[in-house]
Amino acid sequence: MDKIYNHQETERKWYSFWEQKGYFSPKRIPKKKPFTIIMPPPNANGELHIGHATFIAIEDILVRYHRMHGVPTLWLPGADHAGILTQVVYERELEQEGKNRFDLGRDEFFKQTYEFTMKNKKHMEDQLKALGASCDWTREKFTLDPEITTAVYTTFKKLYDDGLIYRGERIINWCTRCGTALSDLEVEHEERNGKLWFIKYPIKHPNAKIKQQEFITVATTRPETMLGDTGIAVNPNDVRYKNLVGKTALLPLMNRSIPIITDSAVSPKFGTGAVKVTPAHDPIDFEIGKRHKLKTISIVQEDGRLSAAAGVFSGLDVSSARNKVLDELGKQDLLQKTAFYKYSLGICERCRTTVEPLISKQWFIKIESLAKPALVAVKQGSIKILPKRFEKIYFNWLENIRDWCISRQIWWGHRLPVYYCQGYKNKKCTTKDGLFVSVVKPTKCPSCGSKNFTQDPDTLDTWFSSGQWPFTTLGWPNETPDFKYFYPTSVMETGYDILFFWVARMIMLGLYTTGKPPFQTVFLHGLVRDERGQKMSKSRGNVIDPLDVAGEYGADAVRMALVFGTSPGNDINLGESKIRGMRNFTNKLWNIGRLIVDLKPAKTKIVSPNKEDRWVLDELKKTKKSVSDSIENYRFGQAAEELYEFIWHRFADKYLEHAKTRREEAQPILEKVFDESLRLLHPFMPFITEDLWQRISNKRGTSLMTALWPK
RNA sequence: GGGCUGGUAGCUCAGUUGGUUAGAGUGUUGCGUUGACAUCGCAAAGGUCAGAGGUUCAAAUCCUCUCCAGCCCACCA
């Protein structure tokens with residue numbers, strides 16, 4: 001054995017050994033209850049980052065631990081097409097060639113993006129392997145695989161047939177750069193220093209001949225939207241405006257008569273207590289407008305420019321329109337005052353463009369009847385969320401949830417399983433809207449006999465498909481042996497940042513579609529930050545690339561560094577020094593191995609254990625118990641510390657030093673303690689433990705992976 | 001506006017249901033080690049466990065309040 005442990009060669013060697021032996025693929029044993037984790041599918045649009053390494057480390061611990069108990073264990077890997085994000089990433093690639101997606105056209109753009117993701121996916125698989133993930137590659141899935149697509153469409157159809165998917169014109173979040181609707185979750189909010197403008201609207205006197213001189217003043221952060229105003233609202237209890245309610249104001253610049261109404265959504269305390277109502281471009285105003293049957297005038301178009309309805313302002317982009325509106329108001333002396341004001345601006349999660357609220361025809365999921373069972377499942381404990389504090393956050397979100405906009409106007413993703421009969425256009429077809437929701441393209445319209453159908457151009461929110469991941473990956477809607485055996489799965493392990501995006505949706509869709517909770521336990525880990533707790537980002541230059549450091553210090557060291565001394569749900573501060581420290585630990589293990597294996601005495605003597613022997617065996621026993629206990633309770637950070645502490649400071653520093661003076665007697669104890677230590681450590685540091693175990697074990701041809709967990 | 005998390009050794013963090021002299025990594029200092037390992041060993045220095053009050057025989061741990069740091073959610077324009 002070399003003086004220094006060479007991780008590069010060792011890691012490659014054992015991974016392919018495991019894979020060739022088929023250890024990653026569980027057999028279904030009917031009488032045994034399996035342990036199943038569906039891997040959170042990485043987005044197939046780039047490299048694995050340190051966050052992926054975190055889930056690999058934790059999930060591999062769980063999986064290897066259960067596998068070592070002789071339980072049929074499945075860890076199913078996959079990749080996500082990642083809708084908007086991938087489209088944005090690939091559009092940026094095209095940009096470098098001076099092209100955009102419209103230059104290519106839909107089909108060509110899709111084809112190229114597909115090739116791009118396939119390349120990334122292959123690369124990611126290699127990266128997962130390099131980090132030691134013991135997942136079953138024979139069952140790998142991709143969200144755009146044909147059978148997954150069929151499953152996703154089946155769920156869509158079921159929801160539609162149950163009246164839980166509807167199409168409607170509603171106010172939605174629109175990204176003008178991506179050219180698509182977004183769900184509420186895909187909008188991020190940034191605090192901005194802005195202004196509050198106080199604008200005077202003249203009151204129309206009943207007698208048209210009398211000159212206007214009375215005004216009502218409204219406060220707004222978006223003066224340009226006044227062009228779409230169709231009312232002014234005050235709180236019903238606001239005495240200041242009692243005599244104005246019911247009267248009509250004259251919208252400046254547009255010369256439109258708009259009513260002054262009361263609505264309890266208006267706070268008398270804010271601004272002047274009077275609000276301009278723009279139903280087409282503000283969610284609250286949309287609601288107010290609906291309640292009072294106000295007109296809806298869309299003045300911002302999907303391209304971010306003002307529409308014809310904005311009169312002389314039409315064609316301007318939003319910010320120039322704002323300047324011009326303010327300018328005009330100033331000229332007409334209708335700007336009463338301005339105040340500095342901090343407000344939150346909605347921006348597109350993926351491309352950081354300002355999001356415009358506007359009215360658009362989109363597809364929605366009626367969420368209430370899905371949310372209720374999802375709440376009950378966690379409240380009653382059929383699904384546990386760990387750490388428990390996240391349950392409260394989950395409840396709060398589901399209790400205030402609004403309908404989910406699932407249609408996107410991008411090209412990359414699952415196209416809606418919605419078809420339109422072309423006979424409808426000729427008025428021969430009596431089907432409502434000529435619309436069919438169907439898993440496969442219809443062949444003949446039962447109403448008009450037309451064989452000509454076009455598919456809806458929209459694509460599905462990427463989370464609609466990933467929300468079904470725990471069962472679509474196992475073969476649903478078919479009652480496959482895998483689905484029957486492995487579903488519901490055991491643990492869903494992921495970062496807390498996608499609790500709403502993903503976990504909540506999986507619970508809702510899982511309960512709705514399969515009638516069962518998709519998993520029993522949700523374990524949420526924290527985000528990896530740099531040594532000083534700063535978020536890792538390319539611009540900060542503090543990114544740790546897991547594959548780089550794995551290359552330098554070994555995958556075992558990286559994995560150990562990601563769990564050692566962490567606690568569930570808390571962010572992980574990681575610096576290179578910690579990884580280096582864990583690399584030193586691998587070298588310590590290596591040298592323990594050298595002493596026991598390489599420098600094995602020629603003969604051994606069996607004698608009754610002395611004080612030190614009894615001590616180390618007792619410490620081992622305690623360690624076995626506490627490590628098992630910590631893993632069972634998801635305290636991986638603690639389990640790692642316990643192992644490190646025992647192996648290095650008690651076994652190596654104390655017992656091994658002592659044993660040097662009586663090697664022949666101590667050798668059997670050394671081997672036993674080392675063997676069991678390697679088993680305990682294997683889920684955390686699979687490569688070096690396997691390598692050393694192969695050297696001390698006499699069971700040739702088997703693997704530590706399938707050895708039994710010490711009791 | 002609502003909620004969450006953290007404030008423990010110079011730095012980064014553990015510390016399960018309250019129970020002896022509060023732990024680890026890393027850093028610092030001294031000594032040692034050339035037959036497991038300098039990617040090492042032994043030892044030392046270093047903490048009024050953010051602050052105040054309370055419960056208790058006993059509090060880093062439970063309760064209340066305050067101060068700092070960070071995060072999430074939310075339709076006050």
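Every chain is numbered from 1, with letters handed out A, B, ... down the list of sequences. Keep in mind it's a predicted model, so treat the numbers as computed, not measured.
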### Query
To the side chain of Q638(A), which of A36(B), G15(B), A77(B) is closest?
G15(B)
### C1' gap between C68(B) and U56(B), integer Å
29 Å
#### Entry: Any side-chain heavy-atom pair of E328(A) and L326(A) under 4.5 Å
no
### Query
Of K660(A) and F585(A), whose closest RNA chain B nucleotide lies nearer the 5' terminus?
K660(A)
### Message
Quick one, E671(A) and I596(A) - any side-chain contact, counting heavy atoms below 4.5 Å?
### Response
yes
#### Entry: Nucleotide of U39(B), C40(B), A14(B) approaching W648(A) most closely (side-chain heavy atoms)
C40(B)
### Task
Determine whether the side chains of D263(A) and H292(A) contain a donor N or O and an acceptor N or O closer than 3.5 Å.
yes
### Task
With C1' as the reference atom in both, quote the distance from A45(B) to A9(B) in angstrom, rounded to an integer.
10 Å
### Query
Just by modelled atom types, is the I579(A) backbone N or O under 3.5 Å from a matching donor or acceptor in the R583(A) side chain?
no
### Message
At 4.0 Å (heavy atoms only), tell me whether D653(A) reaches a base, stays on the sugar-phosphate, or touches nothing.
### Response
sugar-phosphate
### Task
Return the nearest nucleotide to the side chain of H649(A); candidates are G15(B), A36(B), A24(B).
A24(B)
#### Entry: Side chain of N584(A) (C-beta onward), nearest among G6(B), A77(B), U26(B)
U26(B)
### Message
Does K269(A) reach a base, just sugar-phosphate, or nothing at all? Heavy atoms under 4.0 Å.
### Response
nothing
### Query
Between A14(B) and U8(B), how far is it from one C1' atom to the other, in whole Å?
10 Å
### Message
I want to verify a distance call: between C76(B), A24(B), U16(B), whose nearest atom is closest to the R635(A) side chain?
### Response
U16(B)
### Task
When you get a sec, tell me which of C37(B), C75(B), U16(B) is the closest nucleotide to the side chain of D629(A)?
U16(B)
